[in-house]
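What follows is one structure encoded as structure tokens, with my remarks underneath.
All values below come from the heavy atoms of this structure, side chains included, with hydrogens, waters and symmetry mates left out.
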Amino acid sequence: MSETKPLVVISGASSGFGAEDAKLFNAAGFPLLLLGRRVDKIKALPLNFDNVLVAAVDVTDRQGFEAAIREAEKQYGSTDLLINNAGVMLLGNVKRQDPKEWQTMLDTNVMGVLNGTQIVLPDMVARHHGTIINMSSIAGFKAFANHAAYVASKFGVHGLSETIRQEVANDNVRISLVAPGAGETELLTHVTDAGALKDYEAWKETMGGLTLDPKYVAQTVKFIYDMPQEVNIREIDLAATRQDS
């Protein structure tokens with residue numbers, strides 16, 4: 001058990017940005033609670049698991065989400081940083097996309113963030129200390145074709161983040177947001193619209209076939225957190241240099 005560093009909770013930790021966050025904070029000696037639906041992938045990450053708890057959690061299940069956090073807090077103390085990273089991106093044209101995919105994105109990308117925030121925020125407010133970093137997207141402030149419901153969900157993350165930041169600013173609690181562009185993650189593996197996927201891949205080729213490395217997103221998250229508590233970097237947008245939109 002760490003005696004000097006506080007608990008960091010990361011949702012969606014099995015791959016992509018969340019996995020890179022886990023590696024970075026683990027290397028820095030923070031006790032971690034890593035949440036995801038694929039715990040086998042989390043347990044396969046190259047981490048020192050001495051001070052790491054792993055839980056199978058779907059962030060849309062508020063009760064299960066809270067139970068996992070409370071269990072970790074029994075061992076490591078109050079959550080000092082929550083990274084609301086879990087998210088899904090199901091591209092599709094609104095004329096033909098299954099509305100169930102819209103609901104999945106809204107539930108995970110918006111309700112999941114609200115669930116995690118509400119679970120840890122009262123204690124942070126009471127302590128006048130704590131940080132919540134919400135992972136959004138450039139699609140949270142800019143529209144993209146075949147992204148209607150995804151854009152709606154990420155605009156929601158931007159809006160809720162700024163609203164809550166205003167509500168807790170006087171309590172010295174930090175709410176921050178990171179908005180990456182296209183990244184080398186597994187988000188596209190669940191896309192069912194072949195046409196939308198083909199268009200995305202063609203766009204990716206205009207960037208030389210390579211998008212943003214998730215490790216730089218993790219470095220950005222840690223940069224925000226490493227600032228003194230009295231400094232809140234409200235939002236950082238980052239993307240591959242060759243991304244034109």
Side-chain angles (χ1 to χ4, degrees), residues 1-13 17-18 21-36 47-55 57 59-87 110-136 156-178 217-236:
M1 179 175 176
S2 172
E3 296 180 357
T4 58
K5 295 194 176 182
L7 175 64
V8 173
V9 177
I10 305 171
S11 69
F17 304 141
D21 289 333
K23 294 174 189 176
L24 201 57
F25 281 93
N26 181 248
F30 286 87
L32 301 178
L33 170 61
L34 303 180
L35 306 174
L47 305 176
N48 178 348
F49 282 89
D50 289 347
N51 289 308
V52 176
L53 299 178
V54 178
V57 167
V59 295
T60 65
D61 173 13
R62 191 191 182 286
Q63 186 175 3
F65 199 169
E66 181 169 18
I69 289 177
R70 299 296 175 238
E71 189 62 31
E73 290 179 333
K74 288 179 184 177
Q75 186 165 343
Y76 298 116
S78 295
T79 301
D80 195 57
L81 170 62
L82 168 65
I83 305 173
N84 277 315
N85 173 76
V110 179
M111 293 303 299
V113 171
L114 288 169
N115 284 339
T117 298
Q118 191 179 60
I119 290 165
V120 303
L121 195 58
D123 183 58
M124 290 181 176
V125 168
R127 293 185 291 111
H128 297 285
H129 200 284
T131 304
I132 298 173
I133 300 178
N134 295 328
M135 297 304 302
S136 185
V157 174
H158 269 69
L160 71 86
S161 297
E162 173 58 15
T163 301
I164 299 168
R165 185 201 65 75
Q166 292 180 24
E167 292 173 350
V168 300
N170 286 339
D171 297 303
N172 200 46
V173 175
R174 303 186 297 183
I175 308 294
S176 186
L177 183 143
V178 175
V217 177
Q219 289 172 17
T220 302
V221 168
K222 193 162 186 302
F223 171 71
I224 291 171
Y225 179 66
D226 285 344
M227 285 290 158
Q229 186 68 30
E230 65 267 24
V231 177
N232 185 15
I233 298 173
R234 299 181 184 183
E235 179 179 341
I236 293 181

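The environment of CG in Asp226 is crowded: more than 12 heavy-atom neighbours from other residues, nucleotides or ligands sit within 6.0 Å. In this structure, Gln63 places its CD atom where only 12 or fewer heavy-atom neighbours from other residues, nucleotides or ligands lie under 6.0 Å away. In this structure, Phe49 places its CZ atom where more than 12 heavy-atom neighbours from other residues, nucleotides or ligands lie under 6.0 Å away. In this structure, Gln118 places its CD atom where only 12 or fewer heavy-atom neighbours from other residues, nucleotides or ligands lie under 6.0 Å away.
Side-chain contact between Lys23 and Asn26 is absent, with no heavy-atom pair separated by less than 4.5 Å. The side-chain heavy atoms of Val221 and Phe17, taken from C-beta on, include no pair separated by under 4.5 Å. Proximity of Met124 to Ile132: side-chain heavy atoms (C-beta onward) are separated by under 4.5 Å at one or more points. In this structure, the side chains of Asn115 and Val59 stay at 4.5 Å or more apart for every pair of heavy atoms. Side chains of Asp61 and Phe65 form no contact here, defined as non-hydrogen atoms less than 4.5 Å apart. The side-chain heavy atoms of Met135 and Val113, taken from C-beta on, include no pair separated by under 4.5 Å. With a 4.5 Å cut-off on side-chain heavy atoms, Ile119 and Thr79 do not count as touching. Tyr76 is not listed as a side-chain neighbour of Pro6, based on a closest heavy-atom distance of 4.5 Å or more.
Nearest approach of Leu53 to Ala72, heavy atoms of both residues: CD1-CA, 3.7 Å. Considering every non-hydrogen atom in both Ser78 and Leu7, the closest pair reads O-CB, 3.7 Å. In terms of heavy atoms, Asn134 sits closest to Ser161 at ND2-OG, 2.8 Å. In plain terms, the two heavy atoms of Gly64 and Val57 that are nearest each other are O-CG2, 3.9 Å. Contact detail for Leu33 and Ala68: the closest heavy-atom pair is CD2-O, 3.5 Å.
Of the possible polar contacts, none joining the Lys222 side chain to the Ala28 backbone as a donor-acceptor pair under 3.5 Å is found. Side chain of Asp171 to backbone of Val173: no donor-acceptor contact under 3.5 angstrom is found. Judged purely by atom type and a 3.5 angstrom limit, Arg174 uses its side chain to pair as donor or acceptor with the backbone of Tyr225. The main-chain N or O of Leu81 is never found under 3.5 Å from a side-chain atom of Thr131 such that the two would form a donor-acceptor pair. Judged by distance alone, with hydrogens and angles left aside, the side-chain atoms of Ser11 form a donor-acceptor pair with the main-chain N or O of Asn85 at under 3.5 Å. One N or O on the side chain of Asn172 and one on the backbone of His128 form a donor-acceptor pair closer than 3.5 Å.
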**Prompt:** Could you walk me through whether His158 and Glu235 pass the side-chain hydrogen bond (donor to acceptor under 3.5 Å, both in side chains) check?
**Reply:** CA-CA 9 Å; His158 269 69; Glu235 179 179 341; 3.3 Å; yes

**Item:** Derivation of the side chain to side chain contact (heavy atoms under 4.5 Å, CB included) call for Arg234 and Leu177
**Value:** CA-CA 6 Å; Arg234 299 181 184 183; Leu177 183 143; over 6 Å; no

**Asked** Going through the distances and angles, do Glu71 and Gln75 end up as a side-chain hydrogen bond (donor to acceptor under 3.5 Å, both in side chains)?
**Response** CA-CA 7 Å; Glu71 189 62 31; Gln75 186 165 343; over 6 Å; no

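Annotation: the span from Leu114 atom CG to Ile164 atom CD1 amounts to 6.0 Å, rounded to 0.5 Å. Atom-to-atom distance recorded for Ile83:CD1 and Asp21:CG is 4.0 Å, nearest 0.5 angstrom. The CD1 atom of Ile133 sits 9.0 Å away from atom CG of Asn232, with the distance rounded to the nearest 0.5 Å.
Among the candidates Asp80, Ile69, Val9, the single residue satisfying the side chain to side chain contact (heavy atoms under 4.5 Å, CB included) test with Val120 is Ile69.
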